[in-house]
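Reading through the structure tokens given below for one structure.
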Amino acid sequence: MTTSSEAGDDRAPSRDDTAAPIELRPRRYDDHDAQLLVKALYAEQLDTYSFADSPDLETVDDYAEPSGLLLVAYTPSGQPVGCGGYRTYDKDARVAEVRKMFVSPEYRSHGLGWRILSELEQQATAHGARKILLETGALNYAAIRLYIAAGYEPIPPYVPGRGETNRAFRKTLDA
């Protein structure tokens with residue numbers, strides 16, 4: 001069993017990290033590069049927890065405007081090395097949910113998870129979200145540290161049946 005990091009790292013980026021040539025680009029959930037990354041996330045979750053939600057169960061339009069966004073991180077050579085998305089969780093309450101946070105192992109601990117999360121928060125806020133939820137694996141210590149450092153607070157599970165394997169978090173977004 002591994003305890004690797006879906007989100008990629010647990011700290012704010014240093015000045016060198018923010019100047020990194022990694023580019024974040026919006027992609028459709030069914031885009032080839034996005035699918036490579038969400039399937040790598042799925043495989044990692046299976047290895048760690050012996051089960052995971054299939055990436056094929058997601059609704060593509062949940063990650064497209066106006067409902068959400070999926071970002072893919074690319075190296076200068078065009079290699080996809082990370083992703084993250086948000087989708088509308090409760091339109092009336094103006095709540096979004098972060099999902100599919102993943103950074104390839106060789107790109108972890110350099111602030112990329114932080115960059116993806118920050119951009120998702122900014123975009124969710126720009127599209128009307130005032131709160132944001134997320135879940136991560138209970139053994140994903142780096143992701144848990146990242147979310148706490150980014151201002152997320154632990155909350156009770158909001159998805160039935162996941163209390164033992166996942167940790168849930170919430171953050172109020174600046175309007």
Check: Which pairs with one or both residues in residues 116-135 pass ring pair (Phe, Tyr, Trp, His ring centres under 6.0 Å), sequence neighbours excluded?
Finding: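 Every candidate ring pair (Phe, Tyr, Trp, His ring centres under 6.0 Å) pair involving residues 116-135 fails, so no pair, neighbours aside, qualifies.
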Separation of [Y] [atom2] from [X] [atom1] (nearest 0.5 Å):
| X | Y | atom1 | atom2 | result |
| --- | --- | --- | --- | --- |
| Thr48 | Asn140 | OG1 | CG | 7.5 Å |
| Leu37 | Lys100 | CG | NZ | 12.0 Å |
| Thr136 | Tyr152 | OG1 | OH | 11.5 Å |
| Ile116 | Met101 | CD1 | CE | 5.5 Å |
| Phe169 | Ile155 | CZ | CD1 | 9.0 Å |
| Tyr141 | Arg167 | OH | CZ | 8.5 Å |

Notebook entry, point to check: ring pair (Phe, Tyr, Trp, His ring centres under 6.0 Å) with Tyr89: which residues, sequence neighbours excluded?
Noted result: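 Partners of Tyr89 under the ring pair (Phe, Tyr, Trp, His ring centres under 6.0 Å) test: Tyr158.
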Report yes if some heavy atom in the side chain of [X] is under 4.5 Å from a heavy atom in the side chain of [Y]; otherwise report no.
| X | Y | value |
| --- | --- | --- |
| Glu121 | Leu117 | yes |
| Leu134 | Tyr86 | no |
| Tyr42 | Asp56 | no |

Notebook entry, point to check: Are Leu36 and Leu41 connected, step by step, through hydrophobic side chains (Ile, Leu, Val, Met, Phe, Trp, Tyr) whose heavy atoms are closer than 4.5 Å?
Noted result: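 The answer is no; the residues belong to distinct hydrophobic clusters.
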Note to self: With a 4.5 Å cut-off on side-chain heavy-atom distances among I, L, V, M, F, W and Y, is there a chain of contacts connecting Ile148 to Leu146?
What the structure shows: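 Yes, because Ile148 and Leu146 connect within a single hydrophobic cluster, where side-chain heavy atoms sit under 4.5 Å apart.
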Salt bridge (Lys or Arg N to Asp or Glu O under 4.0 Å) partners for [X], two or more places apart:
| X | value |
| --- | --- |
| Arg25 | Glu23 |
| Arg87 | Glu58, Asp62, Glu97 |
| Asp30 | Arg28 |

Note to self: For Leu24, is there any backbone N or O sitting under 3.5 Å from a side-chain donor or acceptor partner on Arg115?
What the structure shows: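 Looks like no, no N/O pair under 3.5 Å.
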Next item on the list: Would you confirm whether Thr88, through its side chain, and Ser67, through its main-chain N or O, come within 3.5 Å as a donor-acceptor pair?
Entry: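 Such a contact is found between Thr88 side chain and Ser67 backbone.
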Next item on the list: Tell me, yes or no, whether the heavy-atom count around Asp174 atom CG, taken from other residues, nucleotides or ligands under 6.0 Å, exceeds 12.
Entry: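 Open: at most 12 neighbouring heavy atoms sit under 6.0 Å from CG of Asp174.
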Going by the rule side-chain hydrogen bond (donor to acceptor under 3.5 Å, both in side chains), which residues pair with [X] if we only count those two or more places apart in sequence or in a different chain?
| X | result |
| --- | --- |
| Gln35 | none |
| Asp53 | Arg162 |
| Thr75 | Ser77 |

Considering all heavy atoms, the nearest [X]-[Y] contact:
| X | Y | answer |
| --- | --- | --- |
| Ala138 | Glu164 | CB-O, 3.9 Å |
| Ile22 | Ala73 | CG2-CB, 3.7 Å |
| Glu44 | Pro105 | OE1-CG, 4.4 Å |
| Val72 | Pro80 | CG1-CB, 3.9 Å |

Next item on the list: Just do the side chain to side chain contact (heavy atoms under 4.5 Å, CB included) check on Arg130 and Thr125 with the steps written out, would you?
Entry: CA-CA 6 Å; Arg130 294 299 169 251; Thr125 300; 3.8 Å; yes
Notebook entry, point to check: Applying salt bridge (Lys or Arg N to Asp or Glu O under 4.0 Å), which residue pairs with at least one partner in residues 146-158 are found, sequence neighbours left out?
Noted result: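 Every pair satisfying salt bridge (Lys or Arg N to Asp or Glu O under 4.0 Å) with a residue in residues 146-158: Glu153-Arg170.
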Margin query: Show, in sequence, the C-alpha distance, side-chain angles and deciding distance for Phe102 and Ser104, and conclude whether the side chain to side chain contact (heavy atoms under 4.5 Å, CB included) test is met.
Written below: CA-CA 7 Å; Phe102 178 79; Ser104 297; 4.1 Å; yes
Next item on the list: Give the other cluster members for Val38, using side-chain heavy-atom distances under 4.5 Å between Ile, Leu, Val, Met, Phe, Trp and Tyr residues; answer none if it is isolated.
Entry: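 Via sub-4.5 Å side-chain contacts, Val38 links to Tyr29, Val60, Tyr63, Leu70.
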Check: In the hydrophobic clustering that connects Ile, Leu, Val, Met, Phe, Trp and Tyr at side-chain heavy-atom distances below 4.5 Å, which members other than Leu57 occupy its cluster, ordered by chain and number?
Finding: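 Grouped by the 4.5 Å side-chain rule, Leu57 forms a cluster of one, so the answer is none.
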Margin query: List the residues meeting side-chain contact (heavy atoms from CB on, under 4.5 Å) with Ala129, not counting sequence neighbours, and say none if there are none.
Written below: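 Once residues adjacent in sequence are excluded, the partners of Ala129 under the side-chain contact (heavy atoms from CB on, under 4.5 Å) criterion are Ala96, Ala124, Leu173.
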